Amino acid sequence: MSEKKKILITSALPYANGALHLGHLAGAYLPADIYVRYLRLLGKDVLWVCGSDEHGAAITMRAKKEGRSPKEIIDTYHELNKQTFKDLGISFDHYHRTSAALHHETSQEFFTKLNEKGDEFEVRTIEQYYDEDYNQFLADRYIMGTCPRCSHPEAYGDQCENCGSDLSPTELINPVSTLSGKSPVLKETKLWYFKLDKHEEWLKEWISEGTLDGVAHHDAKQWKKHVLGQCLSWLNNGLQPRAITRDLDWGIPVPLEGAEGKVLYVWFDAPIGYISSTKQWALDNGKDWEEYWKGDDVELIHFIGKDNIVFHCIIFPAMLKAYGDYALPKNVPANQFLNFEGQKFSKSRGWGIEQHEYLEAFKDFPNKEDALRYALLRNLPENRDSDFKWDEFIEFYDKELADNLGNFLNRVVVLTNKYYDGVTPEIEVNLKEKLAEAIAIVDKITQELDTFSFKQAALALMELSSYGNTYLQDVSPWKIWKEDPDSEVVKECLFVCLQIASLLSILCEPFIPFTSPKIRAFLGLGETANGDLQSVLDQIKAGQALITAGHQVGQSGVLFPKINDRRDASRLEIVNRQKNKLEEILAAEKGPEREPLKDEIQFDDFVKLDLRTGTITAAEAIPKADKLLKLSVDLGMEQRTVVSGIALQYKPEEVVGQEIVLVANLAPRKLRGVLSQGMILMAENDEGKLSFVRPNETIGNGFVVK
RNA sequence: GGCGCGGUAGCUCAGCUGGUUAGAGCGCAGGAUUCAUAAUCCUGAGGUCGGGAGUUCAAGUCUCCCCCGCGCUACCA
């Protein structure tokens with residue numbers, strides 16, 4: 001066992017059925033990359049693992065849709081995502097995949113161990129749809145039918161994409177297997193459940209107090225509020241056992257006799273992917289994976305988006321503790337969501353840009369990687385949803401990277417070359433004193449990084465360069481030099497500026513790793529290595545120069561050619577192409593769009609409907625249902641009670657006296673405890689505005705509409 | 001309806017356990033300067049801290065109610 005503390009960083013495993021967009025990057029990968037690069041520069045023993053999540057029904061569904069095998073799908077996206085990460089400087093130590101044999105073994109071993117503990121799992125028998133032609137149980141997504149809520153004929157077993165309702169397969173009207181196209185039958189099946197409820201007590205203490213079995217584990221106050229909030233909300237509602245197996249042919253087989261045709265539920269094996277990724281890295285590098293997962297000297301940090309909070313803060317810790325010996329996360333700095341120009345990323349709408357698309361579209365853009373990293377960084381959704389805008393991309397690049405950082409570095413190197421032929425001047429100076437303010441800013445940068453405040457850290461980095469600009473301006477060596485080229489004041493000024501430039505060259509590395517070596521080259525410095533930042537910090541605080549007298553600097557140049565440049569519009573054009581794309585999408589969407597027509601029916605189908613005129617005579621809200629009103633309808637020959645989902649648009653008093661048309665022979669159904677005897681016809685437009693359908697002159701109640 | 005998170009200058013956001021005249025960047029207005037990439041530096045204007053009530057000597061910061069945004073969840077004939 002090594003004496004040094006091990007830090008294990010994980011980033012959410014990307015699901016390998018599609019490309020990743022900028023929101024993903026901003027959520028779980030860029031912040032982690034910055035943090036890991038920072039720790040490496042400090043010389044910490046840090047390991048960062050990730051990989052593709054390659055199981056689950058969504059992959060088989062996509063494969064079927066595209067007429068490819070699941071294996072082809074995951075291979076495509078595994079390679080794409082892996083390469084794109086690499087191109088953007090996302091510096092995983094290992095990028096694994098859950099289809100790997102090592103991962104299957106690891107997951108099965110994990111399952112087996114928990115199963116052998118005896119009281120972690122329970123087996124339940126439930127009824128599930130089964131396709132008799134294909135001899136297999138059907139995942140929710142493999143069943144389609146008519147949505148019981150909106151009558152959309154192509155709702156999936158878990159969700160209706162037309163009305164957004166969450167469904168269960170048994171709710172579907174006329175369910176059909178997407179495999180055989182026939183009606184599935186209900187058949188009993190066995191599922192394994194993880195008894196999450198059993199872990200509720202210690203989880204509550206661990207999350208709210210940061211103590212584990214009474215022993216201090218982490219500082220709960222360091223966790224983000226929205227993370228704590230969501231976890232405690234779950235815990236206070238009571239945890240339920242969760243199914244960990246499914247009847248599916250794509251995934252990790254359940255390693256038990258009599259469990260043929262069953263695989264581990266994807267959420268169970270995915271986080272174990274962090275472990276198998278570590279194992280593979282250890283094998284490749286001759287290390288011991290357990291040193292990073294077990295023992296007191298382990299610090300585990302999960303970087304994720306907010307959609308993953310409960311898995312990483314509740315479910316996976318429960319799995320780890322149930323297994324035993326594993327360290328639990330010290331922090332889960334989950335980010336919120338990144339929007340794109342004011343709206344959510346949407347693949348189907350083409351709203352947003354995927355990582356590999358960006359690299360392609362910006363291939364002629366200098367520093368495209370750092371430009372993107374910086375724009376995302378400055379706008380990270382750390383505590384609330386944020387918004388990526390191309391105009392801000394331009395602004396951050398031009399104002400901060402080019403005008404502030406790039407220009408300062410250029411000024412310093414140009415002046416050094418001009419006055420001293422690039423040789424650092426010899427000068428007596430109390431650096432501790434002279435750099436006190438700069439060092440305070442450096443401390444701020446590291447403190448922000450230590451606490452996962454990456455956006456603030458970036459601002460502090462700019463503050464350092466801005467401080468350099470201000471200092472240079474205050475001394476204005478060019479004025480003095482004109483009078484006295486040998487001035488000690490000029491020498492001191494540039495000597496100090498070179499120290500600041502040197503600090504910037506290393507401190508910027510976690511944020512803009514592609515630019516850092518260029519800055520180092522300007523300054524005549526070699527590339528940074530692990531641990532360098534620690535020695536730089538030690539030196540500078542001890543008053544030692546980082547760039548000493550006699551050191552030859554290199555030649556400078558334009559680090560960040562500005563986007564708004566009067567001589568060269570090429571960069572602006574690249575960005576403008578993206579902006580134009582969005583405008584086109586918006587323009588296209590403005591065209592009239594109507595729900596597609598349903599399948600043709602016969603006259604006989606129509607006459608089955610019994611439509612009657614009526615008048616609403618009373619209305620009241622239904623407690624604990626914000627969309628429902630309980631209505632009394634006068635049909636002339638009788639009174640009906642009808643429950644209608646119009647409460648968001650109408651107050652009860654507004655609808656009394658309203659003439660309506662009622663589907664009068666609809667089978668009664670109970671809603672929120674009230675028996676609804678019919679359905680009122682309403683027209684609804686695309687903005688959700690409702691309007692009653694009624695005869696355009698009063699005709700009396702109870703008459704037939706046909 | 002329940003739960004969680006957010007709502008601070010024109011824009012994007014900082015403000016830990018309540019404590020002096022509420023901060024930064026961008027934008028805007030004036031000025032300085034030329035080593036540098038129409039750059040840099042200085043000064044200034046600009047905020048009922050979502051609304052209302054309360055606790056306190058003192059509230060952006062605590063409590064309650066309400067409004068808005070996002071998410072989870074229930075319901076949606």
Side-chain angles (χ1 to χ4, degrees), chain A residues 148-151 163-166 221-222 224-234 236-237 306-307 309-310 336-337 339 344 378-387 389 391-392 395-396 398-404 406-419 448 451 453 455-456 458-460 462-463 466 468-474 476-479 481-482 490 493-494 497 556-562 564-567 621-628 631 642-648 662-663 666-672 674-682:
Chain A
R149 318 246 197 268
C150 73
S151 300
C163 67
S165 315
D166 291 324
K221 285 191 195 122
Q222 293 275 315
K224 296 190 188 195
K225 274 174 84 170
H226 66 269
V227 174
L228 287 176
Q230 188 167 345
C231 291
L232 293 174
S233 168
W234 265 64
N236 290 335
N237 282 329
K306 68 173 162 184
D307 50 334
I309 289 173
V310 291
Q336 308 252 12
F337 288 154
N339 289 322
K344 290 176 189 182
R378 282 289 278 101
N379 216 349
L380 285 180
E382 288 179 324
N383 294 308
R384 69 184 93 163
D385 289 357
S386 67
D387 199 5
K389 295 192 185 82
D391 281 341
E392 287 185 343
E395 184 178 297
F396 294 143
D398 279 0
K399 298 287 171 192
E400 301 188 11
L401 292 177
D403 292 348
N404 184 355
N407 189 35
F408 171 68
L409 293 162
N410 190 41
R411 297 171 84 187
V412 174
V413 176
V414 164
L415 287 172
T416 306
N417 276 309
K418 189 164 180 176
Y419 298 161
E448 300 291 7
T451 51
S453 292
K455 198 176 354 185
Q456 290 301 313
L459 286 170
M462 283 304 132
E463 206 181 315
S466 185
N469 274 319
T470 305
Y471 169 72
L472 199 54
Q473 201 71 30
D474 283 350
S476 292
W478 48 90
K479 288 183 187 165
W481 191 76
K482 275 181 198 154
V490 175
C493 174
L494 282 175
C497 280
S556 66
V558 176
L559 278 175
F560 301 98
K562 288 175 68 164
N564 281 314
D565 183 328
R566 60 177 165 170
R567 290 177 301 272
I622 296 180
K624 294 188 177 177
D626 48 349
K627 293 185 182 174
L628 298 181
L631 307 173
V642 176
V643 176
S644 186
I646 58 172
L648 291 180
L662 188 78
V663 182
L666 193 62
R669 180 161 153 182
K670 228 179 190 180
L671 283 162
R672 279 273 147 192
V674 180
L675 190 66
S676 179
Q677 307 164 296
M679 177 176 164
I680 291 168
L681 295 187
M682 310 280 304

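Residue numbers begin at 1 in each chain, while the letters A, B, ... track the order of the sequences. Only a predicted model underlies this, so the values are computations on that prediction, with no experimental measurement involved.
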When both distances are under 3.5 Å in a Watson-Crick or G-U wobble arrangement, the nucleotide paired with B:U61 is none
Given B:C35, is OP1 or OP2 found less than 4.0 Å from the side-chain N or O atoms of A:Ser556?
no
A:Gln222 atom CD is separated from B:C16 atom P, nearest whole Å, by 14 Å
Checking B:U12, B:C35, B:U40 against the side chain of A:Glu392 (C-beta onward), the nearest is B:U12
ask   = Within the pair A:Thr470 and B:C41, is there a side-chain N or O less than 4.0 Å away from OP1 or OP2?
value = yes
Between CZ of A:Arg566 and P of B:A38 the distance, given in whole Å, is 6 Å
A:Lys418 atom NZ is separated from B:C35 atom P, nearest whole Å, by 5 Å
Query raised in the report: Hey, does A:Ser476 reach any base, or is it just sugar-phosphate, or nothing, if we go heavy atoms under 4.0 Å?
Result: nothing
Taken to the nearest whole Å, CG/A:Asn237 to P/B:C3 is 9 Å
All heavy atoms of A:Phe337 vs all of A:Pro381, minimum pair found to be O-CB, 3.4 Å
Winner on side-chain proximity to A:Lys455, out of B:C11, B:A38, B:C13, is B:C13
Nearest heavy-atom approach of A:Arg411 to A:Gln473 is NH2-OE1, 3.0 Å
- Task: Give A:Leu559 one of three labels, base, sugar-phosphate or nothing, depending on what nucleic acid heavy atoms sit under 4.0 Å from its own.
- Result: base
Of the listed B:U12, B:U37, B:A77, the closest approach to the A:Lys389 side chain comes from B:U12
> Contact class for A:Lys479 (heavy atom, under 4.0 Å): base, sugar-phosphate, or nothing?
Replying inline: sugar-phosphate
pair_partner(B:C28), Watson-Crick or wobble, both distances < 3.5 Å, evaluates to B:G44
| field | Note: A:Arg378-A:Glu392 ion pair, threshold 4.0 Å (strictly below) | value | no
Mind checking the P distance from B:C62 to B:G7? Whole angstroms is fine. 11 Å
Discussion item. For the C1' atoms, the ones on B:G60 and on B:G52, what distance do you get once it is rounded to whole angstrom?
Written reply: 16 Å
Sorted by position of nearest nucleotide on RNA chain B, 5' first, the leading residue of A:Leu401 and A:Asp387 is A:Asp387
B/S/- along nucleotides 4-10 of chain B (protein heavy atoms under 4.0 Å) is SSSSB--
Polar-atom pairs under 3.5 Å, protein N or O versus N or O of nucleotides 24-26 of chain B: list them with distances, or write none.
residue: B:C26; atom: O2'; partner: A:Glu395; partner atom: OE1; Å: 2.8
residue: B:C26; atom: O2'; partner: A:Glu395; partner atom: OE2; Å: 2.9

Per side-chain contact (heavy atoms from CB on, under 4.5 Å), A:Met679 is matched among A:Val642, A:Val643, A:Val663, A:Leu662 by A:Val663
Between A:Asp391 and A:Lys389, does any NZ, NE, NH1 or NH2 come within less than 4.0 Å of an OD or OE carboxylate oxygen? no
